[in-house]
Amino acid sequence: MALFRIDKFLADMGCGTRSEVKNYIKKGRVAINGLVVNAPEHKIDTNLDRVSLDGADINYLEYEYYMLNKPQGVVSATDDKRDRTVIDLIETKNRKDLFPVGRLDKDTEGLLLITNDGQLAHNLLSPKKHVDKVYYARVDGIVTKEIVEQFKEGIILSDGTLTRPAHLNVLETNPSESTVELTIHEGKFHQVKRMFEACGMTVMYLKRLRMGTLILDKELKPGEYRRLTQEETERLKKEDR
Ligand code: URA
């Protein structure tokens, strides 16, 4: 049983701000099981009660899960004074409490999970779980066999910390740059850029392709998103145990 104040329920379901929905209630636009309610503090049971606004049913949605192909130039935050955030991009959201699971830098593209499921996020980000992340990167210079070996051993970052072993797959090299696919098993701040920096190289382009079992949908252009399928959600939840 989940009991909620009717004004909180309506605001959480994206019907308006808390003060807007209070106004709707005062104006008699909200009904519970067909009876108009006038008190914003009235409690409803989401399993039993049917709520409507202007005659349209408002269904309870506890969690939302979105896969976003994050474009460059937006920040991985819930709100920001200067920049657009990844949450601003999710136009079809119902819940007001969505957040990105982990961060991608402003200039990084690719897979970002957006949800309000705090337990799932906590487990996916837990350093103990070592959920793997796969990145596509373009770096300046040539990624040699020695560098691939160093990544396999773990890289000592400029602050002296040693990363966990990482798998570096060189896709292409030319005299001035290399493209690689990199798998890491942790999520330190700016980790990929710092790993290459420690080898004297600069990451020029970075895109996340996978996080655990969740693979970026190739159909999504930067800035586009979709809801996770039930199968994707269930696989992620299994992974986090
Ligand atoms: N590593 C980085 O350096 N940046 C990101 O955005 C993600 C991983």
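Just follow the structure's listing: the first ligand is 1, and inside any ligand the first atom is 1. The structure presented is a predicted model; accordingly, all values stated were derived computationally and were not measured.
Residue Lys193 has at least one N or O atom closer than 3.5 Å to an N or O atom of ligand 1.
In summary, the atoms of ligand 1 found under 4.0 Å from a heavy atom of His190, numbered by their order in the structure, are 1 (N), 2 (C), 3 (O). Contact atoms of ligand 1 toward Thr108: 4 (N), 5 (C), 6 (O) (distance under 4.0 Å to a heavy atom of the residue). Of all atoms in ligand 1, numbered sequentially from 1 with element shown, those under 4.0 Å from a heavy atom of Gln191 are 1 (N), 2 (C), 3 (O).
Protein heavy atom at the shortest distance from atom 4 (N) of ligand 1 is Asp105 OD2, 2.7 Å. Among protein heavy atoms, atom 1 (N) of ligand 1 sits closest to Val192 N, 3.1 Å. Looking only at heavy atoms of the protein, atom 7 (C) of ligand 1 is closest to Tyr135 OH, 3.5 Å.
Only the side chain of Leu206 comes within 4.0 Å of ligand 1, counting heavy atoms alone; its backbone N, CA, C and O stay farther away.
Pairs engaging residues 93-105 under the salt bridge (Lys or Arg N to Asp or Glu O under 4.0 Å) rule: Asp12-Arg95, Arg95-Asp97, Asp105-Lys193 [sequence neighbours left out].
Other residues, nucleotides and ligands place more than 12 heavy atoms under 6.0 Å from the NE2 atom of His130.
Between the side chains of Tyr63 and Thr233, not a single donor N or O lies within less than 3.5 Å of an accepting N or O. Between the side chains of Tyr225 and Glu91, no donor-acceptor pair is found at a separation under 3.5 Å. A donor-acceptor contact closer than 3.5 angstrom is absent between the side chains of Asp83 and Thr85.
Remark: Arg5 engages Asp7 in a salt bridge, criterion side-chain N to carboxylate O under 4.0 Å.
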